[in-house]
2 protein chains.
Amino acid sequence: MPKNSLSHEAEEKILKAARTVFIKKGYKGATTRDIAAEAGITSPLLNYYFRSKENIFSIVYERAFNSLYSNVYHTIMGDASLFEKIPALVDGLMKELVENPDVPSFIFNEVTRSPEKLVERFRSKMHLLEAYRDFSDSVYAEVEKGTIRPVRPITLLINIQSLCIYPFLARPLLCEISNISIREYMKILARRRDEIIEMIEKDIRIK
Amino acid sequence: MPKNSLSHEAEEKILKAARTVFIKKGYKGATTRDIAAEAGITSPLLNYYFRSKENIFSIVYERAFNSLYSNVYHTIMGDASLFEKIPALVDGLMKELVENPDVPSFIFNEVTRSPEKLVERFRSKMHLLEAYRDFSDSVYAEVEKGTIRPVRPITLLINIQSLCIYPFLARPLLCEISNISIREYMKILARRRDEIIEMIEKDIRIK
DNA sequence: TGTATTTTCAATCATTCGCTTAAAACTTCT
DNA sequence: AGAAGTTTTAAGCGAATGATTGAAAATACA
């Protein structure tokens with residue numbers, strides 16, 4: 001088993017390679033030989049550091065999941081106003097997505113492949129549930145104040161996530177149908193932040 | 001090679017089984033033995049009807065793709081007004097999605113696995129490109145009339161697709177975080193049609 | 001009944017894949 | 001120098017998988 005800092009670098013090199021391969025090919029599509037090749041090492045060394053393919057995958061997946069959910073959802077915790085939380089959430093999501101546009105497709109692939117693992121994962125992520133409760137409270141507070149129309153918190157969350165995440169998932173399809181280059185398409189997405197916030201608020205606000 | 005109508009029934013039985021297995025496990029995750037078992041036949045019979053796994057898959061995929069795109073996109077062809085096309089598109093998408101909620105995840109998995117096939121597929125689907133052009137024309141027409149603010153057609157299409165399709169993709173995640181049962185969640189989605197249309201129109205309309 | 005078609009069965013073949021072994025070479029630190 | 005840890009090489013095991021073969025049933029049809 002590896003112990004010093006040198007081996008730690010190697011571990012990270014392998015994990016980075018594994019991330020690349022897993023995102024491109026999915027769990028079943030990726031082979032340990034692929035990952036070893038991408039990392040520039042030999043296959044026995046993979047088993048020297050991580051005992052199994054599943055082991056490597058779960059680390060890669062955990063990180064991807066956290067980058068898109070756990071980290072971002074801290075922005076809707078606490079008792080800030082809904083009108084502070086919405087921009088913060090959209091902002092966090094869009095920044096993460098522009099940097100890692102392939103993460104959503106990776107996550108949803110895996111969720112479909114084994115949804116039972118998701119339940120397990122959520123059990124160890126109580127802060128996500130807390131975040132959602134805090135978000136709900138902020139929604140109900142505004143409804144009672146009469147500043148927004150009655151709306152389910154989950155509906156609001158669905159709309160926000162949809163407008164932020166889907167364009168990255170469907171990028172190949174939408175580029176093809178609209179005959180726009182990937183570069184141009186990504187530019188459009190990068191400018192969506194304000195549009196999304198405005199659209200969401202216009203939908204719920206009572207003026 | 002099969003020739004009569006009896007064998008045609010068998011073909012459909014196999015394709016239905018293949019669809020079930022491919023949607024649940026993806027291309028790589030599904031084995032020909034899985035499909036044979038699901039169809040209640042033996043594995044050599046698979047090769048008797050369809051020569052290869054890839055062969056079966058491409059038929060299943062083609063049908064899934066058409067059900068969500070080609071068929072639905074007929075609703076935005078022609079020179080109808082944008083305010084007729086938007087409800088028609090949302091309606092077509094939502095009806096299809098409520099009936100087959102797992103199709104989007106299946107399609108996007110495959111698009112990620114081999115995007116090069118998508119380009120090829122679009123070449124044989126010129127009517128999709130036509131549909132998008134017609135949709136664009138309807139958008140520009142309204143902008144010139146001053147009934148809607150200047151908006152890119154692709155942005156509008158992104159928003160509509162996002163609000164319709166994403167909730168089905170992220171169903172497991174959103175159910176888990178909001179602690180809503182799948183049944184309850186699907187009920188909410190079924191009622192989204194009008195909300196989405198209103199949201200989209202409110203976003204672009206100049207009153 | 002006779003002929004062609006469809007389906008089953010058992011047995012594999014060749015390939016790929018995850019993983020392991022064993023021995024050697026290289027590096028790092030004491 | 002010596003010990004401990006790290007990496008490479010070569011070889012390959014056992015299992016799963018896509019695909020196939022060949023012969024026998026079962027079925028349909030004329």
Side-chain angles (χ1 to χ4, degrees), chain A residues 1-62 106 109-110 112-114 116-117, chain B residues 1-62 106 109-110 112-114 116-117:
Chain A
M1 293 297 138
K3 271 156 201 163
N4 63 17
S5 68
L6 203 145
S7 66
H8 185 261
E9 283 174 32
E11 273 183 42
E12 281 306 319
K13 186 178 69 179
I14 294 171
L15 284 173
K16 190 180 172 187
R19 192 190 124 103
T20 305
V21 177
F22 277 132
I23 282 184
K24 188 153 63 189
K25 304 193 175 185
Y27 180 78
K28 280 280 185 180
T31 71
T32 54
R33 287 172 172 91
D34 284 339
I35 297 170
E38 175 76 28
I41 59 166
T42 57
S43 114
L45 200 56
L46 271 191
N47 277 277
Y48 178 72
Y49 280 109
F50 310 89
R51 292 200 324 275
S52 67
K53 178 187 181 182
E54 181 63 39
N55 228 324
I56 303 178
F57 181 81
S58 69
I59 297 175
V60 170
Y61 184 75
E62 178 76 15
F106 173 63
N109 279 12
E110 179 54 19
T112 317
R113 185 176 80 89
S114 50
E116 68 283 358
K117 285 192 185 170
Chain B
M1 293 296 141
K3 271 159 201 160
N4 63 17
S5 68
L6 205 146
S7 65
H8 186 260
E9 283 174 32
E11 273 185 40
E12 280 306 319
K13 185 177 70 176
I14 294 171
L15 284 173
K16 191 180 170 188
R19 191 191 127 103
T20 305
V21 176
F22 277 133
I23 282 183
K24 188 153 64 187
K25 304 193 176 185
Y27 180 78
K28 280 279 183 180
T31 71
T32 54
R33 286 173 174 88
D34 285 338
I35 297 171
E38 176 76 26
I41 59 165
T42 58
S43 112
L45 200 57
L46 271 190
N47 275 277
Y48 177 72
Y49 280 108
F50 310 90
R51 290 200 324 277
S52 68
K53 177 186 180 183
E54 182 63 38
N55 228 323
I56 303 178
F57 181 81
S58 69
I59 298 175
V60 170
Y61 184 75
E62 179 75 15
F106 173 63
N109 279 12
E110 180 52 18
T112 318
R113 185 176 80 90
S114 50
E116 68 282 357
K117 286 193 184 169

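Note on naming: letters A, B, ... go to the chains in the order of the sequence lines (proteins, then strands), and numbering restarts at 1 for each one.
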Open item on the list: Categorize A:Thr31 for me: base, sugar-phosphate, or nothing, with a 4.0 angstrom heavy-atom threshold over every strand shown.
Closed with: sugar-phosphate
- [ ] Report the distance from atom CD1 of B:Ile41 to atom C1' of C:dC9, rounded to the nearest whole Å.
- [x] 14 Å
Open item on the list: Check whether B:Phe57 forms a cation-pi arrangement with B:Arg113 (NZ or CZ under 6.0 Å from the six-membered ring centre, at most 45° off the ring normal).
Closed with: yes
- [ ] Between A:Lys28 and A:Thr42, name the one whose nearest nucleotide on DNA chain D is closer to the 5' end.
- [x] A:Thr42
Open item on the list: Without decimals, in angstroms, what is the distance between B:Asn47 CG and C:dA10 P?
Closed with: 18 Å
Open item on the list: What contact category does A:Ser52 fall into here, base, sugar-phosphate, or nothing, at under 4.0 angstrom with non-hydrogen atoms?
Closed with: sugar-phosphate
Task: Which nucleotide in D:dT17, C:dT8, D:dT20 has an atom nearest any side-chain atom of B:Leu45 - done: C:dT8
Open item on the list: Can you identify which nucleotide, out of D:dT9, C:dC9, C:dT20, has its nearest atom closest to the A:Ser43 side chain?
Closed with: C:dT20
Task: Value in whole Å for how far the P atom of D:dT17 lies from NZ of B:Lys53 - done: 9 Å
Open item on the list: Does a side-chain N or O of A:Thr32 approach OP1 or OP2 of C:dC17 to a distance below 4.0 Å, or not?
Closed with: no
Task: Separation of atom CD in A:Glu54 from atom C1' in C:dG18, rounded to whole Å - done: 12 Å
Task: Atom pair distance, as rounded to whole Å: CZ in B:Arg51 and C1' in D:dT20 - done: 14 Å
Open item on the list: Check this for me: does any side-chain nitrogen of one of B:Lys117 and B:Glu54 sit under 4.0 Å from a carboxylate oxygen of the other?
Closed with: yes
Open item on the list: Please find the pair of heavy atoms, one from A:Ala18 and one from A:Val60, that lie closest to each other, and give the distance.
Closed with: CB-CG2, 3.9 Å
TODO: Using whole Å, report how far CG of B:Leu46 lies from P of D:dG18.
DONE: 10 Å
TODO: Using atom CZ of A:Arg33 as one end and atom C1' of C:dC19 as the other, report the distance to the nearest whole Å.
DONE: 9 Å
TODO: Could you say whether A:Ala30 or A:Pro44 is positioned toward the 5' end of DNA chain C, judged by the nucleotide with the nearest heavy atom to each?
DONE: A:Ala30
Open item on the list: On the six-membered ring of B:Tyr27, is B:Lys53 placed so that its NZ or CZ lies under 6.0 angstrom from the centre and within 45° of the ring axis?
Closed with: yes
- [ ] Looking only at non-hydrogen atoms, find the nearest pair between B:Ala17 and B:Glu38 and report the distance.
- [x] CB-CG, 3.5 Å
Task: Atom pair distance, as rounded to whole Å: OH in B:Tyr48 and C1' in D:dG22 - done: 15 Å
